[in-house]
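Step one of this worksheet: look at the structure below.
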Amino acid sequence: MIIKKEKTILHIDGDAFFVGVEMAKNPKLKGKPVVTGEERGIVSALSYEAKAIGIKRGMPIFRVKRDFPKVIILPGDYKAYVKYSGKMFDIVRRYADDVEEYSIDECFADLTGLERLLKMNYKQIAERIKKEINDELNISVSIGLAPTKVLAKVASKYVKPNGLTIITKDTILDYLVKTPIEKIWGIGPKTSEFLKKKGIITAKDFVTKKIDWIKENLSQPYEVLWSELNGEYLMKIDPITKTVYSSIQKTRSFHPNTNDKVFLLSQLSKHVEEACAKARYYKLVPKKVSFFLKTKDFVYHEYQISLTSPTNAAEIIIPLIEANFIKVYKKNILYRTTGVTLQELVSDSVTQGDLFGSNNLAKKFEIIHEQIDSLENKFGKHMVYLASTHKAIKRKEKGTDSEDFDRDLLFI
DNA sequence: TCTGGGGTCCTAGGACCC
DNA sequence: TCTGGGGTCCTAGGACCC
């Protein structure tokens with residue numbers, strides 16, 4: 001008989017991560033109400049002090065300025081967040097071999113077996129990791145320890161900020177009874193609404209249901225969730241650092257909402273250029289491209305195009321979108337968002353060697369793009385762009401007075 | 001919570017085939 | 001011509017995540 005050894009999974013979650021990094025960069029901000037997201041026009045992260053006075057994630061920046069004049073508003077510094085994120089994960093890797101970088105401010109790690117190796121118990125290991133992150137990076141994190149990933153997520157959320165919560169197989173229900181079902185990782189608004197109608201209010205209500213009930217009423221991923229919440233380790237730690245994307249998306253919302261065809265097309269054109277630049281950076285080419293318009297009532301109208309030959313040349317993709325634009329566009333509807341997605345990305349080496357058809361054209365563009373991409377690296381984004389994108393850039397500049405300088409524009 | 005931008009994965013159902 | 005049952009592949013779109 002095989003006795004399965006209980007796993008010990010660690011989950012780390014940065015506390016108000018973006019703002020935490022800003023405070024580490026500039027300690028004078030500590031203890032103050034601070035938000036980031038100035039460049040986006042909505043609050044993307046907020047300090048606990050800002051939360052305490054009633055600011056919420058997603059709140060428009062103009063409202064923060066108007067109603068909370070004392071709040072410090074900062075633009076996001078994504079490069080810094082990536083840097084701190086990497087350092088945080090490196091600290092975890094001092095202890096664990098298998099670290100999964102789940103998002104910019106979260107990771108999972110498998111600590112199983114480290115007790116004996118490090119001559120510390122799991123709690124002491126977690127405390128050490130936490131202290132090193134605190135001391136070396138000057139940011140605070142919350143940690144959860146549990147037998148599964150889903151339970152580790154419950155644990156890290158349980159005490160925040162600066163928490164350390166340990167769930168063992170024996171104490172699972174003690175924690176789940178105090179966790180509302182909608183707080184569980186993987187249970188969103190639709191499913192929690194459904195479950196509540198069935199009388200399932202807390203995570204304990206969920207796990208104490210029979211598995212047959214789950215199978216009858218929900219789909220496969222929820223069976224996995226149920227097992228994980230019951231302490232059965234199913235979701236593996238995936239330590240592979242993701243540099244490959246399966247899709248690349250660029251979207252933008254605008255207000256006022258509009259039905260200006262030319263404007264919408266120029267937005268889409270810009271998205272294609274940005275998405276293609278990213279694809280080229282990662283040496284990926286899409287087999288499919290889709291674009292969408294989202295109406296002011298949040299209804300998506302999407303159209304998907306299969307490329308006869310995969311390409312990341314915007315010059316090829318843009319005309320395809322223009323040709324199919326009328327399939328989603330209605331002239332009497334106001335739109336709030338446009339977006340482009342490059343789908344089914346494959347390595348660009350796969351398509352090399354095919355010198356026929358539109359791929360041949362793509363080759364020519366490849367040479368131009370190498371030069372454009374290196375120009376942009378030197379001088380910043382939007383030094384160079386397609387004429388079809390021009391309108392989108394111009395309109396954006398009108399809104400921001402700070403960016404009012406002449407650029408050397410190069411139209412292709 | 002009147003809602004930003006960038007992702008992943010699963011499933012139902014249609015097309016097509018034997 | 002009508003009919004049954006089964007498989008695979010693809011697609012759209014739903015749901016969820018940070």
Side-chain angles (χ1 to χ4, degrees), chain A residues 11-18 35-46 51 54-64 67 75-76 78 81-82 85 100-108 149-150 153 156-157 181-195 215 217-225 235 238 240 242-255 257 267 270-271 274-275 277-279 282 284 286-292 294-306 327-328 334-345:
Chain A
H11 179 250
I12 298 192
D13 195 351
D15 297 326
F17 186 69
F18 291 1
V35 306
T36 70
E38 185 175 36
E39 79 291 352
R40 289 210 271 160
I42 58 151
V43 173
S44 30
L46 61 162
K51 197 180 277 178
I55 295 174
K56 298 236 157 65
R57 225 174 136 252
M59 188 181 274
I61 293 291
F62 77 85
R63 267 188 65 197
V64 178
D67 301 340
Y78 211 75
Y81 309 150
V82 170
S85 168
E100 175 180 336
E101 301 181 6
Y102 179 69
S103 75
I104 192 159
D105 72 327
E106 285 180 43
C107 70
F108 293 98
K149 282 168 84 170
V150 177
K153 283 272 269 186
S156 66
K157 248 194 225 182
I181 190 64
E182 70 271 16
K183 298 283 180 195
I184 297 297
W185 182 38
I187 299 203
K190 299 279 180 189
T191 308
S192 61
E193 193 192 349
F194 169 78
L195 291 174
K215 285 182 181 172
N217 289 277
L218 298 165
S219 61
Q220 188 263 334
Y222 298 94
E223 291 175 41
V224 175
L225 250 183
M235 296 170 72
D238 179 11
I240 298 156
K242 279 205 176 164
T243 48
V244 255
Y245 292 91
S246 52
S247 72
I248 290 173
Q249 186 173 60
K250 290 288 165 187
T251 68
R252 186 69 62 191
S253 297
F254 27 83
H255 87 131
N257 299 164
Q267 287 286 323
K270 189 178 72 160
H271 298 326
E274 290 175 356
K278 186 167 175 182
Y282 289 102
L284 295 168
K287 291 195 201 168
K288 287 177 187 166
V289 175
S290 72
F291 67 96
F292 71 81
K294 185 159 67 172
T295 72
K296 76 176 210 317
D297 301 318
F298 290 86
V299 180
Y300 281 87
H301 297 288
E302 193 182 19
Y303 190 80
Q304 196 183 62
I305 301 161
S306 293
K327 288 180 181 153
V328 297
L334 286 175
Y335 296 99
R336 61 156 34 240
T337 311
T338 56
V340 167
T341 310
L342 308 182
Q343 296 166 326
E344 291 181 37
L345 294 164

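Just so it is clear, the model here is predicted, and its values are computed rather than measured. Letters A, B, ... mirror the listed sequences (proteins, then strands); counts begin at 1. Just the heavy atoms: all of them, side chains too, but no hydrogens, waters or symmetry mates, feed the values below.
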Would you check if the side chain of S85(A) reaches a backbone N or O of I104(A) as a donor-acceptor pair within less than 3.5 Å?
-> yes
Heavy-atom side-chain contact between T338(A) and F254(A) under 4.5 Å = yes
Under-4.0 Å side-chain N/O to phosphate OP1/OP2 contact, R252(A) with dG4(B) | no
Looking across every strand, which nucleic acid part, if any, lies under 4.0 Å from I184(A) by heavy atom: base, sugar-phosphate, or nothing?
-> sugar-phosphate
Just checking K294(A): base, sugar-phosphate only, or nothing, at a heavy-atom cut-off of under 4.0 Å?
-> nothing
With a 4.0 Å cut-off on heavy atoms, is K190(A) in touch with a base, just the backbone sugar-phosphate, or nothing at all?
-> sugar-phosphate
From dA12(C), dG4(B), dT8(B), pick the nucleotide closest to the side chain of Q304(A)?
-> dA12(C)
Distances under 3.5 Å between protein N/O atoms and the N/O atoms of nucleotides 13-17 of chain B, please, pair by pair.
none

Give a yes or no on whether K183(A) atom NZ has more than 12 heavy-atom contacts from other residues, nucleotides or ligands under 6.0 Å away.
-> no
Choosing from dT3(B), dA12(C), dT11(B), which nucleotide comes nearest the side chain of F298(A)?
-> dT3(B)
Which atom names give the shortest non-hydrogen contact between L46(A) and I55(A), and what distance separates them?
-> CD1-O, 3.2 Å
Scan I104(A) against the nucleic acid and name what it touches under 4.0 Å (heavy atoms): base, sugar-phosphate only, or nothing.
-> nothing
Return the value, rounded to whole Å, for the distance between atom CH2 of W185(A) and atom P of dT8(B).
-> 15 Å
Are any non-hydrogen side-chain atoms of Y335(A) and N257(A) less than 4.5 angstrom apart?
-> no
Under 6.0 Å from the six-membered ring centre of Y245(A) and within 45° of its axis: does the NZ or CZ of K278(A) meet both?
-> yes
The side chain of E106(A) lies closest to which of these nucleotides: dG5(B), dG6(B), dC18(C)?
-> dC18(C)
Among dT11(C), dA12(C), dC10(B), which nucleotide sits nearest the side chain of Q220(A)?
-> dC10(B)
Those residues that, when tested against Q304(A), pass side chain to side chain donor-acceptor pair (under 3.5 Å) (two or more places apart) | Q343(A)
Sugar-phosphate, base or nothing in reach of G58(A), heavy atoms under 4.0 Å = nothing
Heavy-atom closest pair, residues K153(A) and Y102(A) | NZ-CE2, 4.2 Å
Hey, does Y222(A) reach any base, or is it just sugar-phosphate, or nothing, if we go heavy atoms under 4.0 Å?
-> sugar-phosphate
Under 4.0 Å between any heavy atoms, over every strand shown, what does Y102(A) touch: base, sugar-phosphate, or nothing? Just pick one.
-> sugar-phosphate
Would you call V328(A) and F291(A) a side-chain contact if the rule is heavy atoms closer than 4.5 Å?
-> yes
dG6(B) OP1/OP2 closer than 4.0 Å to side-chain N/O of T251(A) = yes
Writing each nucleotide of DNA chain C 5' to 3' as (, ), [, ], | or . by Watson-Crick or G-U pairing under 3.5 Å yields ....||||||||||||||
Toward the 5' end of DNA chain B, which comes first, S246(A) or R336(A), by nearest nucleotide?
-> R336(A)
In terms of heavy-atom contacts, does OH of Y78(A) have more than 12 from other residues, nucleotides or ligands at under 6.0 Å?
-> no
Separation of dG4(B) C1' from F254(A) CZ (nearest whole Å) | 13 Å
Indicate, with a heavy-atom threshold strictly under 4.0 Å, whether E302(A) touches base, sugar-phosphate, or nothing.
-> nothing
Residue closer to the 5' end of DNA chain B, S247(A) versus R57(A) (nearest nucleotide) | R57(A)
Taking the side chain of K288(A) as its heavy atoms from C-beta onward, which of dG6(B), dT3(B), dT11(C) lies nearest to it?
-> dT11(C)
Is S44(A) touching bases, backbone alone, or none of the nucleic acid, heavy atoms closer than 4.0 Å?
-> nothing
Touch check for T341(A), heavy atoms < 4.0 angstrom, all strands: base, sugar-phosphate only, or nothing?
-> nothing
Identify the two heavy atoms, one from A275(A) and one from K250(A), that lie closest to each other, and give their separation to 0.1 Å.
-> N-CG, 3.7 Å
With the side chain defined as heavy atoms from C-beta on, P221(A) is closest, among dC10(B), dC18(C), dG5(B), to dC10(B)
